[in-house]
Amino acid sequence: MDNLISLVNKIQRACTALGDHGEASALPTLWDSLPSIAVVGGQSSGKSSVLESIVGKDFLPRGSGIVTRRPLVLQLHKSDQGSREYAEFLHLQRKKFTDFAAVRKEIQDETDRETGQTKQISTVPIHLSIYSPNVVNLTLIDLPGLTKVAVEGQPDTIVQDIENMVRSYIEKPNSIILAISPANQDLATTDAIKISREVDPTGERTIGVLTKIDLMDKGTDAVDILEGRSYRLKFPWIGVVNRSQADINKNVDMIAARRREHEYFASTPEYKHLANRMGSEHLAKMLSKHLESVIKSRIPGIQSLINKTVADLETELSHLGKPIAVDAGVSVPFLVPIQGKLYTIMGICRLFDQNYKEHLDGMRAGGDQVYNVFDNQLPAALQRLQFDKQLSLENIRKLITEADGYQPHLLAPEQGYRRLIESTLITIRGPAEAAVDAIHTILKDLVHKAINETAELKQYPALRTEVGNAAVESLERMREQSKKAALQLVDMECCYLTVEFFRKLPQEADKGGNPSQSIFDRYNEAYLRRIGTTVLSYVNAVCAGLRYSIPKSIVYCQVREAKRSLLDIYYTELGKLEQNRLSALLNEDPAVMERRSALAKRLELYRSAQAEIDTVAWSK
Ligand SMILES: Nc1nc2c(ncn2[C@@H]2O[C@H](COP(=O)(O)OP(=O)(O)OP(=O)(O)O)[C@@H](O)[C@H]2O)c(=O)[nH]1
């Protein structure tokens with residue numbers, strides 16, 4: 001397990017090569033689950049100096065304004081004593097840099113390549129590996145210095161952009177925060193402390209580094225901070241003394257600077273007792289040990305996350321389906337490619353059709369809505385028809401007298417009854433049509449559902465549109481048929497009445513009516529009301545029958561047909577299509593193609609990480 005840091009280094013490099021920088025995206029990120037040390041601090045707090053003294057080399061860009069504009073993932077690899085020091089960039093893999101001034105220049109150039117000369121910042125990291133006998137195995141991520149003001153040529157948003165970038169790195173629970181604060185500034189107001197307190201209030205994963213101790217005012221010292229009394233963190237504070245600007249100008253070399261730093265702590269009375277846990281060398285060793293122990297504790301979690309993500313990615317990829325090389329195989333006899341495409345299209349259509357049927361048959365949700373129309377909506381609509389207008393006394397009088405014509409009826413107003421019943425029954429057409437329309441809407445919704453559930457249709461948007469349109473057109477035709485049939489049921493009731501119903505009614509005389517009543521009297525209110533009541537009970541009896549026969553007709557014409565022949569006409573049309581039209585239907589959605597290739601890349605990353613981790617874990 002001693003090569004844990006190089007394992008994470010390897011995986012991090014693979015992440016960058018395959019486009020996983022941990023930023024928010026629609027793909028799972030492995031980067032975020034890897035422990036890393038992010039270096040944060042305000043501008044001029046001494047970040048570059050700390051990193052350089054950990055490495056023991058001058059290699060970071062210097063200058064005024066915001067110099068670090070992309071995250072720099074710095075991977076240190078300890079090599080054998082006596083071996084040559086060199087650096088390597090992930091983006092220039094075959095080039096070994098032995099001149100560290102050239103490393104500095106390449107960092108600058110690579111920053112500009114990504115951000116242009118605009119002095120903007122970018123979240124895409126630069127990966128730099130340094131191989132040296134003088135380093136410890138360690139990975140650090142150098143982030144842009146937090147600043148309060150934009151310099152000339154930089155957008156005002158840069159202050160916030162930097163803060164957001166830094167926060168995005170350090171808020172992740174796997175990030176160890178190396179918070180750099182200068183000793184000659186009030187600790188409570190340093191940028192590093194302010195931002196790390198925000199994301200790690202208990203100081204569990206923050207390591208505090210105090211720079212510029214040598215620059216503190218005379219008579220003051222940093223003992224309270226270094227002993228954890230001013231601001232407590234889980235880990236003890238580490239003080240460092242870097243090269244001053246004058247040292248840099250005089251080219252004081254890093255090894256000499258480390259020695260001087262050592263002497264400073266050993267000989268300054270206030271810090272003597274702390275000397276063995278101060279200085280950049282101690283900092284590097286402590287970070288390496290800490291990083292290794294964090295990685296060790298996270299390995300099982302990372303393994304299970306990787307296994308789960310590999311399974312998820314494989315599932316999604318298989319849902320997206322394989323790309324179809326539509327024009328492949330033209331060298332084989334002409335008919336084969338056409339038939340191949342036709343069969344592919346028919347196959348996809350059948351999958352859709354199957355999904356659609358499953359909705360109606362109850363294997364998938366939605367078919368129950370049909371029954372809801374029959375059981376609730378239709379009876380309620382029939383009930384709402386109160387026939388008040390048709391059976392008002394005036395209307396009854398009007399229709400009966402009109403039907404009588406010049407010769408009033410003798411016994412019963414036969415013609416009047418018929419007209420009244422017809423004009424009342426006709427109003428049932430409304431609910432009948434509404435039920436047909438309601439079923440149509442449900443069947444159409446189920447088409448959209450089944451389309452969305454047919455992954456193969458997502459792949460081919462042209463085919464998806466055609467299948468959708470064809471299905472809806474079929475439903476439209478079925479709706480017309482169904483409407484005709486349902487209205488016919490109502491019309492049939494209008495044109496032939498059930499005579500038995502009237503035969504069973506008690507006659508006027510039986511009810512004590514007075515047959516000798518004058519014709520004129522027959523139009524009195526009680527008489528008319530009796531006619532109204534008779535008509536109403538007949539119409540209600542018809543309604544009770546239609547409540548059951550309309551659903552039968554609807555199921556016959558719409559639901560059963562939709563299950564049987566939703567795409568029949570489309571299949572016939574497909575058979576007549578020419579090859580280029582068939583090919584066009586199998587043009588893949590560019591978004592699907594993109595997603596598939598992004599998923600495949602991510603899967604490659606996870607699989608290689610899986611193999612790497614398994615190797616290390618097994619060799620425990
Ligand atoms: N005397 C002394 N000077 C220091 C110390 N640390 C840093 N400096 C000086 O402070 C200045 C800024 O240090 P840098 O290391 O460039 O700080 P930085 O945080 O990387 O700054 P930016 O990259 O501009 O954000 C330089 O002139 C350093 O020489 C220190 O411990 N003692």
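Indexing begins at 1, ligand by ligand and atom by atom, following the structure's order. This chain uses plain numbering: 1 for the first residue, then up along the sequence.
- Listed by number with element, the atoms of ligand 1 under 4.0 angstrom from any heavy atom of Ser48 are 15 (O), 18 (P), 20 (O), 23 (O).
- Taking every non-hydrogen atom of Val241 and a distance limit under 4.0 Å, the qualifying atoms of ligand 1 come out as 31 (O).
- By the 4.0 Å N-to-carboxylate-O rule, Lys449 lies too far from Asp445 to be salt-bridged with it.
- At a heavy-atom distance under 4.0 Å, no atom of Glu52 approaches ligand 1.
- Counting heavy atoms under 4.0 Å from ligand 1, residue Thr68 does not touch it at all.
- Look at Gly42 and you'll find a heavy atom under 4.0 Å from some atom of ligand 1.
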Inset, instruction - Carefully, step by step, assess Leu74 and Ile54 under the rule side chain to side chain contact (heavy atoms under 4.5 Å, CB included). - result: CA-CA 11 Å; Leu74 179 62; Ile54 287 176; over 6 Å; no

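- Shown in contact with Asp214 at under 4.0 Å from a heavy atom are these atoms of ligand 1, numbered in order with element: 1 (N), 2 (C), 30 (C), 31 (O), 32 (N).
- The neighbour count for Arg259 CZ, taken as heavy atoms of other residues, nucleotides or ligands under 6.0 Å away, does not exceed 12.
- A salt bridge does not link Lys95 with Glu106: none of the charged nitrogens is closer than 4.0 Å to a carboxylate oxygen.
- Under the side chain to side chain contact (heavy atoms under 4.5 Å, CB included) criterion, His262 pairs with no residue, sequence neighbours left out.
- Which parts of ligand 1 touch Ile248 is read off a 4.0 Å heavy-atom cut-off, strictly below it: atoms 29 (O).
- Nearest-residue assignment for atom 10 (O) of ligand 1 (options Arg243, Lys47, Lys212, Gln43; heavy-atom criterion): Lys212.
- Checked against a 3.5 angstrom limit, the closest N/O atoms of Ser44 and ligand 1 fall inside it.
- The nearest non-hydrogen atom to atom 14 (P) of ligand 1, considering only Pro144, Gly145, Ser49, Gly239, comes from Ser49.
- Remark: Arg229 CZ is packed, more than 12 non-hydrogen atoms of other residues, nucleotides or ligands lying under 6.0 Å away.
- Classified by interplanar angle (parallel below 30°, tilted 30° to 60°, perpendicular above 60°), the ring pair Phe89/Phe97 is perpendicular.
- The two residues Thr190 and Ser181 have their closest heavy-atom pair at OG1-OG, 3.0 Å.
- Salt-bridge annotation for Asp58 and Arg243: present, with a side-chain N of the basic residue lying under 4.0 Å from a carboxylate O of the acidic one.
- At a 4.0 Å heavy-atom cut-off, ligand 1 does not touch Asp247 at all.
- With a heavy-atom cut-off of 4.0 Å, Asn242 touches ligand 1 through backbone and side chain alike.
- Residue Ser244 approaches ligand 1 through these ligand atoms, each under 4.0 Å from one of its heavy atoms: 1 (N), 2 (C), 3 (N), 29 (O).
- Remark: ligand 1 and Thr211 share no N or O pair separated by less than 3.5 Å (distance only, no angle test).
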